[in-house]
Amino acid sequence: MEPFRTLTSRAVVLPRSDIDTDQIIPARFLKGTTREGLGRWLFAGWRYDAQGAPRAEFPLNDPLAKGARILIAGPNFGCGSSREHAPWALVDHGFRAVISVSIADIFRSNAVKNGLLPVVVDAGSHRALLAQPFGDVTVDLEAREVAAPGVRTRFSIDPFARRCLLDGTDELGFLLAQAPAITAHEHSRRGEGA
């Protein structure tokens with residue numbers, strides 16, 4: 001996983017409220033067990049018509065969305081079932097951060113484990129970001145700050161989740177990195193109590 005420090009990118013705005021994990025990646029695309037290729041089906045129900053042709057009015061189909069790494073979403077993003085495929089699809093498409101006024105807890109946890117930064121901002125900053133489709137946004141994880149024209153706001157994040165994202169690791173990777181210290185501790189404790 002790539003470490004996350006500061007990201008400046010165009011942002012795709014998807015202002016819909018209550019975007020659930022089945023809308024992020026519909027269940028019919030969950031047959032595989034790998035992440036690769038899921039980005040193609042991101043928001044498939046909205047992004048493509050019944051014949052599979054891209055809908056021109058959907059933001060991800062706009063040429064300006066190409067290369068965007070930040071998604072500005074409506075309230076309660078990622079609600080619904082616990083579906084790790086949802087952050088997989090977002091990351092495979094190229095997103096590294098999702099910004100909203102509220103993000104579902106289970107989605108937030110799954111996102112962090114997969115290198116996707118979930119950012120919750122205040123309502124005023126959120127409105128200002130939603131008003132700037134395809135505008136440049138900077139997300140600074142080290143400073144815990146989001147900046148865009150007319151917007152500068154701080155966000156909070158669990159310290160352990162932040163550390164993992166900054167290091168480009170997940171929980172297992174963090175634990176495995178502690179193996180030398182664990183082994184040293186075990187050796188120092190041998191013989192105690194004997």
- Can you tell if the side chain of Q23 reaches within under 4.5 Å of the side chain of R16, non-hydrogen atoms only? no
- Do L116 and F107 touch side chain to side chain, with heavy atoms closer than 4.5 Å? yes
- Hey, any chance V146 and V13 share a hydrophobic cluster, counting ILVMFWY side chains that come within less than 4.5 Å of each other, even indirectly? yes
- Query: Roughly how far apart are H85 NE2 and I24 CD1, rounded to 0.5 Å?
  - Reply: 13.0 Å
- Same apolar cluster (I L V M F W Y, side chains within < 4.5 Å links), V112/L7: yes
- Task: Would you sort out whether V121 and V151 count as a side chain to side chain contact (heavy atoms under 4.5 Å, CB included), showing the intermediate values?
- Result: CA-CA 11 Å; V121 296; V151 178; over 6 Å; no
- Could you please spell out the steps behind the side chain to side chain contact (heavy atoms under 4.5 Å, CB included) verdict for V120 and R108? CA-CA 10 Å; V120 174; R108 187 181 313 179; 3.7 Å; yes
- Item | V12 vs F95 side-chain heavy atoms within contact, under 4.5 Å | yes
- Message: With heavy-atom distances below 4.5 Å as the criterion, would you say the side chains of C164 and T169 are in contact?
- Response: yes
- Report whether W46 and W41 are members of the same hydrophobic cluster (ILVMFWY, side-chain heavy atoms less than 4.5 Å apart, transitive linking). no
- Message: Test of understanding: with ring-ring contact (aromatic ring centres under 6.0 Å, His included), list the residues that count as partners of F160, not counting sequence neighbours.
- Response: F174
- Item | Nearest heavy-atom neighbours spanning L129 and I99 | CD1-CG2, 3.9 Å
- Task: Taking salt bridge (charged side-chain N to carboxylate O under 4.0 Å, His left out) as the test, write out the residues that go with R40, two or more places apart.
- Result: none
- Message: Nearest 0.5 Å, please: how far is CG in D140 from CZ in R152?
- Response: 9.0 Å
- Closest non-hydrogen atom pair, P26 against G45: CG-N, 4.2 Å
- Query: CD/E145 to OG1/T6 distance, rounded to the nearest 0.5 angstrom?
  - Reply: 9.5 Å
- Partners passing salt bridge (charged side-chain N to carboxylate O under 4.0 Å, His left out) against D92 (at least two apart in sequence or in another chain): none
- Message: I need the minimum non-hydrogen distance between P87 and N114, along with the two atoms involved.
- Response: CG-ND2, 4.3 Å
- Message: Within this structure, what is the CZ-OH distance for the pair F58 and Y48, rounded to the nearest 0.5 Å?
- Response: 9.5 Å
- Task: Could you tell me whether the side chain of R154 and the main chain of A143 form a donor-acceptor pair under 3.5 Å?
- Result: yes
- Message: Within the structure provided, determine whether F155 and L141 are in side-chain contact (heavy-atom separation under 4.5 Å).
- Response: yes
- Query: Does the side chain of R5 reach to within under 4.5 Å of the side chain of L166, using non-hydrogen atoms?
  - Reply: yes
- Check step by step if side chain to side chain contact (heavy atoms under 4.5 Å, CB included) holds for I25 and R83. CA-CA 9 Å; I25 183 74; R83 183 173 295 178; 3.8 Å; yes
- Task: Using a 4.5 Å cut-off on heavy atoms from C-beta on, say whether the side chain of S81 contacts that of D22.
- Result: no
- Could you tell me which non-hydrogen atom of A44 sits nearest to which non-hydrogen atom of F29, and how far apart they are? CB-CE1, 3.5 Å
- Message: Connecting only ILVMFWY residues whose side-chain heavy atoms lie within less than 4.5 Å of each other, what is the rest of M1's hydrophobic cluster?
- Response: none
- Show the numbers, then the answer: is there a side chain to side chain contact (heavy atoms under 4.5 Å, CB included) between I106 and N110? CA-CA 6 Å; I106 294 172; N110 285 336; 3.9 Å; yes
- Task: Any chance you could measure E84, atom CD, to K113, atom NZ, to the nearest 0.5 Å?
- Result: 7.0 Å
- Message: In the structure I gave you, are the side-chain heavy atoms of L14 and F43 within less than 4.5 Å of one another anywhere?
- Response: yes
- Message: Checking the side chain of D136 only, and the main-chain atoms of T8 only, is there a donor and an acceptor separated by less than 3.5 Å?
- Response: no
- Q132 side chain vs A148 backbone, donor-acceptor pair below 3.5 Å: no
- Hits for salt bridge (charged side-chain N to carboxylate O under 4.0 Å, His left out) against R163, two or more places apart or cross-chain, chain-then-number order -> D167
Residues 61-79, side-chain donor-acceptor partners within the protein, below 3.5 Å, at least two apart:
from : atom 1 : to  : atom 2 : distance (Å)
N61  : ND2    : R47 : O      : 2.8
N61  : ND2    : R55 : O      : 2.8
D62  : OD1    : L64 : N      : 2.8
R69  : NE     : G94 : O      : 3.1
N76  : ND2    : D18 : OD1    : 2.9

- Take R96 and E2, measure what salt bridge (charged side-chain N to carboxylate O under 4.0 Å, His left out) needs, and give me the verdict at the end. CA-CA 10 Å; R96 286 299 314 271; E2 180 184 339; 3.7 Å; yes
- How many angstroms lie between atom NE2 of H185 and atom CD1 of I182, to the nearest 0.5 angstrom? 9.5 Å
- Message: Hydrophobic cluster membership, with links at side-chain heavy-atom distances under 4.5 Å among I/L/V/M/F/W/Y: are V139 and I157 in one?
- Response: yes
- Scanning both residues in full, the closest heavy-atom pair of S100 with I103 reads CB-CG1, 3.9 Å
